[in-house]
Amino acid sequence: MIKWELTTHSWLNLELVTSPSNGIVKEVLIAEGQKVSEWAPMFEIENNNGLLQYISVGTRETIEKVNVENGSTVFPGTLLAQVKED
């Protein structure tokens, strides 16, 4: 298991959470409208080598939109979620 602690990218009034690697989303651990704690896991991605990666970010935020679902194929830079900082 690998834990990715990512920084977000700002766009307008949102923070964007993007995938750090290639893989398949095994589980979305968040929902739109949910408040997420700092460094709480948001996504579980299985990379091309079969390793599980947990994706989290270092701010407290409210999930504005989830852009992927379980089973989605992702690559570096794929938009996973849009969040608003609390």
Side-chain angles (χ1 to χ4, degrees):
M1 175 187 69
I2 299 170
K3 184 174 180 184
W4 284 92
E5 296 177 343
L6 304 177
T7 57
T8 57
H9 308 281
S10 295
W11 184 71
L12 298 176
N13 64 340
L14 297 172
E15 297 292 321
L16 308 179
V17 180
T18 58
S19 176
S21 63
N22 295 311
I24 296 174
V25 177
K26 287 301 195 181
E27 190 170 359
V28 176
L29 303 170
I30 55 171
E32 291 178 10
Q34 177 183 347
K35 291 186 186 266
V36 178
S37 300
E38 187 174 18
W39 303 120
M42 298 172 73
F43 299 93
E44 181 180 291
I45 297 174
E46 183 177 338
N47 72 12
N48 291 341
N49 297 325
L51 294 173
L52 288 179
Q53 304 174 31
Y54 290 92
I55 310 300
S56 60
V57 295
T59 58
R60 294 184 182 162
E61 35 204 39
T62 301
I63 305 303
E64 183 77 15
K65 181 173 171 110
V66 178
N67 296 83
V68 295
E69 57 188 30
N70 294 348
S72 295
T73 300
V74 296
F75 52 89
T78 299
L79 183 59
L80 301 175
Q82 300 170 39
V83 296
K84 278 189 169 181
E85 241 183 281
D86 291 341

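Note: hydrogens, waters and symmetry copies are ignored here, and every other heavy atom, side chains too, is used.
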Could you pull out all residues at least two apart from Thr78 that satisfy side-chain contact (heavy atoms from CB on, under 4.5 Å)? Ser19, Val68, Val74, Phe75
Excluding sequence neighbours, so at least two apart, what forms side-chain contact (heavy atoms from CB on, under 4.5 Å) with Glu38? Arg60
Taking every non-hydrogen atom, the tightest pair across Thr18 and Gly77: CG2-O, 3.8 Å
For the OG atom of Ser37 and the CD atom of Glu61, what is their distance to the nearest 0.5 Å? 10.0 Å
For the atom pair CD1 (Ile30) and OG (Ser56), what is the distance rounded to the nearest 0.5 Å? 11.0 Å
Considering all heavy atoms of both residues, which atom of Gln82 and which atom of Leu16 are nearest to each other, and what is their separation? CG-CD2, 3.8 Å
State the CG-CD distance between Asn22 and Gln53, to the nearest 0.5 angstrom. 9.5 Å
If Ile, Leu, Val, Met, Phe, Trp and Tyr residues are connected whenever their side-chain heavy atoms lie under 4.5 Å apart, and connections chain through other members, are Phe43 and Ile24 in the same group? no
Asn49 side-chain N/O to Leu51 backbone N/O, donor-acceptor pair under 3.5 Å: no
According to side chain to side chain donor-acceptor pair (under 3.5 Å), who are the partners of Glu46, at least two apart in sequence or on a separate chain? Lys26
Compare all side-chain heavy atoms of Val83 with those of Met42 and state whether any distance is below 4.5 angstrom. yes
For Glu27 versus Asn70, what's the shortest heavy-atom pair and its separation? CA-OD1, 3.2 Å
Verify same cluster id: Val57, Val28 (apolar side-chain graph, 4.5 Å): yes
Distance, nearest 0.5 Å, that separates NZ of Lys84 from CD of Glu15: 12.0 Å
Say whether, by atom type as modelled, one donor and one acceptor occur between the side chain of Glu44 and the main chain of Leu29 under 3.5 angstrom. no
